[in-house]
Amino acid sequence: MRISDTALLNALPDLGVELRAGASLAELTSLAIGGTTDLLRIHQHRHLPELVRLLRESQTPYRFLGGGSNVLIRDGELPWALLQLVRPNPDVLLEGNFARVDAAADLGRTVTFCAKHDLGGLEGLIGVPGTLGGALRMNAGAYGTQIGSFVREVEVYRAAAGRIETLRDSQINFEYRHTSFATDDIMLTVKLELPSKPYREIVQGIRICNEKRRASQPLNQKSAGCIFKNPPGASAGRMIDELGLKGHHVGDARVSDRHANFFINAGGASAADMLALIADVRERVRRAFGAELEEEVIVWKG
Ligand code: EPU
């Protein structure tokens, strides 16, 4: 999608929005898959309502990209412009046991920054790639920790209402890899409440989680983490593994040899290859186990 509306294009500099024309999503996603489109990089939250108003007025379809680590985006010229928040500096402000974190902040760096200030609780999330905003939307979790448990407030741009609102934790439902945010809500900042813990103790916890992750997940390969959610009481990875599907592939889209619920881009996989692999594995699991696997990765087919 190439933005052609002149009113919109002319307004971008005043809104502090940087246009990257024809950006390649293969360079912006951890799977290294995805077509091209215009990318709008937003430097100041407060200009978001006006930007969205102009996008709507010019009938420019758009979507919001976070850290690109849990998304599978279609090939070719994309039918939407993409919006992305730029990380401010500093991106975390601490006050007692509260951390106010920008949605564009990197999750792993936030965990270690808070640790250095003796604020713990997030150890399990070390190694989960992506931004705070993305983690929040999906209620990212690992090793018994879910981000939602620490959330006290979220400042969010509600596209439906056209304004920025602050939601209290009691107004948000956090479930397994799912939240009650609307699909067009855009996370801006989050206030976390974290337990006090000595740095040395937190680092110990981080080390244990890192070791577990390194032993079981293909960390140095291009992936979007787990492809499927675990069905209640079952493990998608174990079922796929039991079917002998490690290494199974469609083109360069491949079931990881290390963890069967990680599908990797082993070279030049296209979105079509990855989608075909997902469909094939889902069908095999359905036939063998009668289980219906639901994607954990967010798929933008357009
Ligand atoms: N297993 C196999 N073969 C495999 C993979 C797993 O037999 O190829 C078995 C394991 O031996 C274990 C069970 O399946 O007995 C569960 O595996 P694991 O402990 O690796 O956890 P998981 O359920 O596959 C979940 C999350 C991960 C998270 C880990 C650690 C989901 C879909 N996945 O994986 O999150 O890192 O627990 O807490 O909930 C993600 O969300 O992208 C993700 C990777």
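Each ligand, and each atom within it, is numbered from 1 in the order the structure gives. Just so you know, these numbers come straight off a predicted model, no measurement behind them.
Numbered from 1 in the order shown, with element, the atoms of ligand 1 that lie under 4.0 Å from a heavy atom of Y176 read 31 (C), 32 (C), 39 (O). For ligand 1, the atoms sitting less than 4.0 Å from at least one non-hydrogen atom of A142 are 36 (O), 38 (O), numbered in the order shown with element in parentheses. Atoms of ligand 1 found under 4.0 Å from any heavy atom of F228 (numbered from 1 in listed order, with element): 32 (C). Within ligand 1, counting atoms from 1 as listed, the ones closer than 4.0 Å to a heavy atom of F262 are 44 (C). Set against the non-hydrogen atoms of R177, the atoms of ligand 1 under 4.0 Å away are 26 (C), 27 (C), 31 (C), 33 (N), 35 (O), 39 (O), 40 (C), 41 (O), 43 (C). Below 4.0 Å from some heavy atom of S235 lie the following atoms of ligand 1, by number and element: 13 (C), 14 (O), 16 (C). Short contacts between ligand 1 and G225, defined as distances under 4.0 Å to a heavy atom of the residue, involve ligand atoms 42 (O).
The two atoms that bring D91 and A105 nearest to each other are OD2-CB, 3.5 Å, heavy atoms only. Closest approach of E18 and H43 over heavy atoms only: OE1-NE2, 2.8 Å.
Between the side chain of S223 and the backbone N or O of F263 there is no donor-acceptor pair closer than 3.5 Å. Side-chain atoms of T36 never come within 3.5 Å of backbone atoms of A23 as a donor-acceptor pair (strictly under, hydrogens ignored). Although no hydrogens or angles enter the test, the distance criterion places no donor-acceptor pair under 3.5 Å between the side chain of R213 and the main chain of A142.
Considering E294, E295, E296 as possible partners of K229, the one that fulfils the salt bridge (charged side-chain N to carboxylate O under 4.0 Å, His left out) test is E294.
We find that R286 and E292 are joined by a salt bridge, their nearest charged nitrogen and carboxylate oxygen being less than 4.0 Å apart. With respect to the salt-bridge test (charged N to carboxylate O, under 4.0 angstrom), the residues K246 and D257 do not qualify. With respect to the salt-bridge test (charged N to carboxylate O, under 4.0 angstrom), the residues E155 and K191 do not qualify.
Comparing R238, K246, E294 by heavy-atom distance to atom 13 (C) of ligand 1, the nearest is R238. Selection from N70, L125, V128, D241 by nearest heavy atom to atom 4 (C) of ligand 1 gives D241. One option in M239, Q146, Q217 has a heavy atom closer to atom 36 (O) of ligand 1 than any other, and that option is Q217. Of the options C226, A236, S216, the smallest heavy-atom separation from atom 40 (C) of ligand 1 is shown by C226.
At a 4.0 Å cut-off, not a single heavy atom of E242 sits close enough to ligand 1 to count as contact. Using a 4.0 Å cutoff on heavy atoms, K212 does not count as a contact of ligand 1. Put simply, part of R213 is less than 4.0 Å from ligand 1, judged by heavy atoms.
F181 meets the ring pair (Phe, Tyr, Trp, His ring centres under 6.0 Å) test with no other residue; sequence neighbours excluded.
At least one protein heavy atom sits closer than 4.0 Å to atom 8 (O) of ligand 1. For atom 19 (O) of ligand 1, no protein heavy-atom neighbour is found at a distance under 4.0 Å. There is a protein heavy atom closer than 4.0 angstrom to atom 24 (O) of ligand 1.
By the 6.0 Å contact criterion, CZ on R2 is enclosed, its count of non-hydrogen atoms from other residues, nucleotides or ligands being greater than 12. Around the CZ atom of R109, the shell of radius 6.0 Å holds no more than 12 heavy atoms that belong to other residues, nucleotides or ligands.
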Identify all side-chain donor-acceptor contacts of residues 198-209 below 3.5 Å with residues at least two apart in sequence or on another chain.
none

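With hydrogens left out, the protein atom closest to atom 38 (O) of ligand 1 is Y143 N, 2.7 Å, a heavy atom. Nearest non-hydrogen protein atom to atom 21 (O) of ligand 1 is H259 NE2, 4.2 Å.
Looking at A260 against ligand 1, both its backbone and its side chain come within 4.0 Å, counting heavy atoms. Using a 4.0 Å cut-off between heavy atoms, E296 contacts ligand 1 through its side chain alone, with no backbone atom that close.
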